[in-house]
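Here the structure is laid out as structure tokens; the discussion comes afterwards.
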Protein chains: 2
Amino acid sequence: MRKETATPSFLPLYEQIKQLILRALSDGEWQPGAAIPSEMELARRYQVSQGTVRKALDELVMDNILVRRQGKGTFVATHADDGTAYRFLRLMSLSGEQEYPHSEFIVFSRGKADAQVASRLGVSPGSALAILRRVLTFSGAPVVYDDIRLPAALLKGVSIAMIEDHVNAHKGTLYSLYEAQYQIRIIAAHERIRATLADAVVAPLLGVAVGAPLLAIERVAFTYKNQPVEWRMSYVNTARHYHFDELN
Amino acid sequence: MRKETATPSFLPLYEQIKQLILRALSDGEWQPGAAIPSEMELARRYQVSQGTVRKALDELVMDNILVRRQGKGTFVATHADDGTAYRFLRLMSLSGEQEYPHSEFIVFSRGKADAQVASRLGVSPGSALAILRRVLTFSGAPVVYDDIRLPAALLKGVSIAMIEDHVNAHKGTLYSLYEAQYQIRIIAAHERIRATLADAVVAPLLGVAVGAPLLAIERVAFTYKNQPVEWRMSYVNTARHYHFDELN
DNA sequence: AAGTGGTCTAGACCACGTA
DNA sequence: ACGTGGTCTAGACCACTTG
């Protein structure tokens, strides 16, 4: 006799706990860098055993949403940490050394979403965007040109001076700025990589000839619940650097 | 239940179990696609609880070295499975569809390792290599040119006819060939991606003009214990495809 | 019905960081 | 000394696959 199940969805307890914790994070109950309650406290709060909480936390740690520190507690991941500040930067020098870039901001303006960006960000074509353009330099040499766009509503009252101050004076990343000033927490991103030729706009910014080969990397960055919040196009001069990728 | 181990190890038990299982895999005790003993059997074999075995298996599953199938058992991952055959292929058409390529083999020969390849593969410069060159076509159009090199000792008695038969007639990948015929199991890879211009050798093979932009992807593929066994350089025409990458 | 992986619990003890 | 995460155990029960 076959059993008929109208509701085939069986969600494990730890998965439900994970969703509850994600919602608490999304609701801002715990701020980036702060400790969340201990495993025992969460177990009492959600009326499950500590092992079940632990399994939920395991997955959130695996997703780089939380960070465990033995003896201290479990913390909300932050882009302000020195260790994780550049975790989305996959660029290395040919010698294999990881270098950290300096940002030169060129433009901060407003614009409207074209069809492609609108589709990627899940907003209507023509809706207002904040547009940020910059050059990343490594050891003084320009290597990356970024064209970065976000829904304008997310970045209210921002100025290029504020951005430069945060990123350069305080040695932060754009993502740590989003996090600290705009309650936007980037937790994942997708990248589409193609090869292209430097055009008359990008070539002088990167100090290469028109027609030089560049990586064109289109990135969409996500916050909780896989909601896209930032789109960017990066043009990378790989004469002295490479994009690194691990497969398994 | 558990006896004290004679070796004073700082490693957690589950980590030791993981290493023992990895060694058994490396020694060929269990073949790709075959089931390994059940969790209870492994617990008896290693004199630990089932939960500890489970945690070891969890990590091996996360590394794509084992695959769990509820109700059936735990299996050694294989490149022969339809589902996982192309798991290292990060190429998609611009429309977002995942396509599977056809291989056109051009050359199978022998050569000597230059300094770069020797360094990547951990062999002496000048040592014997098997060299394989091919073009991958998607929907009939050439998209990727591969220059693939392995230590010659690993690929004894191979012929281009055998390779073509395996890859095209049996719809396998190169990695499933390594696995089935040469006991080489690829479990991970690193890629370094740069932009380059098509030269006179590659351009006609990919049907592009000399000077067209291409991705140059240098890959090193690893077997158990992070031992490098294959080096390849891929040149990718991204006019109609992109390389996909996930960050978190 | 039997066997496998998947979930959940309760409790013990270890390792680490702080006071 | 205490609280935190980290490991390990033993046992119960659930979900899935196969005979």
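All values derive from a computational prediction rather than experimental measurement. First the proteins, then the strands, lettered A, B, ... as listed; each starts at 1.
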Task: Polar side chain donor-acceptor pair, B:Ser103 to B:Arg134, under 3.5 angstrom - done: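 Note: B:Ser103 and B:Arg134 side chains meet the donor-acceptor criterion.
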
TODO: Measure from the side chain of A:Pro12, starting at C-beta and using heavy atoms only, and say which of D:dG5, C:dC8, C:dG5 lies closest.
DONE: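 Within the option list, the nearest is C:dC8.
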
Task: Candidates C:dG5, D:dT9, D:dG5 - which lies nearest the side chain of B:Glu39 - done: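 Comparing C:dG5, D:dT9, D:dG5 against the side chain of B:Glu39, the answer is C:dG5.
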
Open item on the list: In terms of relative ring orientation, are A:Tyr100 and A:Tyr86 parallel, tilted or perpendicular, with 30° and 60° separating the classes?
Closed with: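 Judged by the thresholds at 30° and 60°, the geometry between A:Tyr100 and A:Tyr86 is tilted.
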
Between [X] (side chain) and [Y] (backbone), is there a donor-acceptor pair under 3.5 Å?
| X | Y | answer |
| --- | --- | --- |
| B:Asp245 | A:Glu191 | no |
| A:Ser38 | A:Glu41 | yes |
| B:Ser93 | B:Glu97 | yes |

Task: From B:Lys55 atom NZ to B:Leu13 atom CG, the distance as rounded to the nearest 0.5 Å - done: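 Separation between the atoms: 12.0 Å.
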
I need the [atom1]-[atom2] distance between [X] and [N], as an integer number of Å.
| X | N | atom1 | atom2 | result |
| --- | --- | --- | --- | --- |
| A:Gln16 | C:dC8 | CD | C1' | 12 Å |
| B:Leu13 | D:dT9 | CG | C1' | 11 Å |
| A:Glu15 | C:dC8 | CD | C1' | 15 Å |
| B:Met40 | D:dT9 | CE | C1' | 12 Å |

Hey, does the side chain of [X] come within less than 4.0 Å of [N]'s phosphate (OP1/OP2), counting only N and O?
| X | N | answer |
| --- | --- | --- |
| B:Arg69 | C:dG5 | no |
| A:Thr74 | D:dG5 | yes |
| B:Tyr14 | D:dT7 | yes |

Task: B:Asp81/B:Arg87 ion pair, N-O < 4.0 Å - done: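 So B:Asp81 does not pair with B:Arg87 through a salt bridge.
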
- [ ] Give the minimum heavy-atom separation between B:His166 and B:Leu177, together with the two atoms involved.
- [x]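 Heavy-atom minimum between the residues: NE2-N, 3.2 Å.
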
TODO: For nucleotides 10-19 of chain C, just jot down a letter per nucleotide in 5' to 3' order: B, S or -, based on protein non-hydrogen atoms under 4.0 Å.
DONE: -----BBSS-

Task: Ring-ring centroid check A:Phe138 A:His102, cutoff 6.0 Å - done: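 No, ring centres 6.0 Å or more apart.
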
TODO: Report yes or no: is the cationic atom of A:Arg69 (NZ for Lys, CZ for Arg) under 6.0 Å from the centre of the six-membered ring of A:Phe75, at an angle within 45° of the ring normal?
DONE: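 Output yes; distance and angle both within limits.
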
Task: Inter-end axis angle, the helix from C:dA1-D:dT18 to C:dT18-D:dA1, with every axis fitted to five base pairs (rounded, 10 degrees) - done: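 Rounded to the nearest 10 degrees, the bend comes out at 10°.
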
Open item on the list: Give the residues of residues 52-67 of chain A touching DNA chain D, defined as any heavy atom closer than 4.0 Å, sorted by residue number.
Closed with: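 Contacts with DNA chain D under 4.0 Å: A:Arg54.
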
Task: Candidate list B:His79, B:Glu230, B:Gln183, test side chain to side chain donor-acceptor pair (under 3.5 Å), partner B:Tyr178, passing option - done: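 Of B:His79, B:Glu230, B:Gln183, side chain to side chain donor-acceptor pair (under 3.5 Å) with B:Tyr178 is met by B:Glu230 alone.
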
